[in-house]
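Down below is the structure, laid out as structure tokens.
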Amino acid sequence: MALFITIKDYLFHQAYLHQVNPWLFGVLYLLSKILFLTFLGQAIKKLRKKMSVLLPLLFAALGYSLPYLYLIIAGKNIPVWIYLVISVIYVFSGWSIRTKLQTAQLKSASDHALISGAEEADS
């Protein structure tokens, strides 16, 4: 329990130093995950239907970025290494989204091939 209190005190002290509300950051962080997964799911559905995925991906990226945008906009005297960590998070997220969409697209193509093959066998 003492470790938890020490970590909490450290984080709240850092939030105070950089003029960031830790509760708002936490809420934005949780909300960002929900928005990201929701819009990524919509993008995968649209990809399987061969529709445009640009808008759901933009909303997924915006949702994912909420806490970090808040930190960049509201924070004061943020160290450079924090900006580097945020950049790494964005790069990893972009790679992850790309991989998930490619997997969904491959699955959609294989499902389509199976359905087409079954229809040809029925003929």
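Under the ring pair (Phe, Tyr, Trp, His ring centres under 6.0 Å) criterion, Tyr10 pairs with no residue, sequence neighbours left out. For Ile73, there are no side chain to side chain contact (heavy atoms under 4.5 Å, CB included) partners at least two apart in sequence or on another chain. By the side chain to side chain contact (heavy atoms under 4.5 Å, CB included) test, Leu3 is found to be paired with Ile7, residues two or more places apart in sequence or in another chain being considered.
Follow the hydrophobic side-chain contacts under 4.5 Å out from Ile44 and you reach Leu37 in the same cluster. One hydrophobic cluster holds both Ile86 and Leu24 under the rule that ILVMFWY side chains link at heavy-atom gaps under 4.5 Å. If you chain together hydrophobic residues whose side chains sit under 4.5 Å apart, Leu28 and Val85 fall into the same group.
In this structure, CG on Leu17 lies 13.5 Å from CZ on Phe12, to the nearest 0.5 angstrom. Rounded to the nearest 0.5 angstrom, Leu66 CG and Leu35 CG are separated by 6.5 Å. Within the model, atoms CD1 of Ile82 and CD1 of Ile72 stand 10.5 Å from one another, a figure rounded to the nearest 0.5 Å. One finds the CD1 atom of Ile89 at 11.0 Å from the CG atom of Leu84 (value rounded to the nearest 0.5 Å). To the nearest 0.5 Å, atom OG1 of residue Thr103 and atom CG of residue Leu47 are 10.5 Å apart. Rounded to the nearest 0.5 angstrom, Lys76 NZ and His18 NE2 are separated by 12.5 Å.
Annotation: side chain of Lys46 is in contact with side chain of Pro56 (closest heavy-atom distance under 4.5 Å). Contact of the Leu57 side chain with the Leu40 side chain is registered, since non-hydrogen atoms from C-beta on lie closer than 4.5 Å.
Residues in residues 22-42 take part in no side chain to side chain donor-acceptor pair (under 3.5 Å) pair, two or more places apart or across chains. Applying the side chain to side chain donor-acceptor pair (under 3.5 Å) test to pairs two or more places apart or on separate chains, those with a residue in residues 77-90 are Ser65-Tyr90. Among residues at least two apart or in separate chains, ring-ring contact (aromatic ring centres under 6.0 Å, His included) pairs with a member in residues 46-76 are Phe36-Tyr64, Phe39-Phe59.
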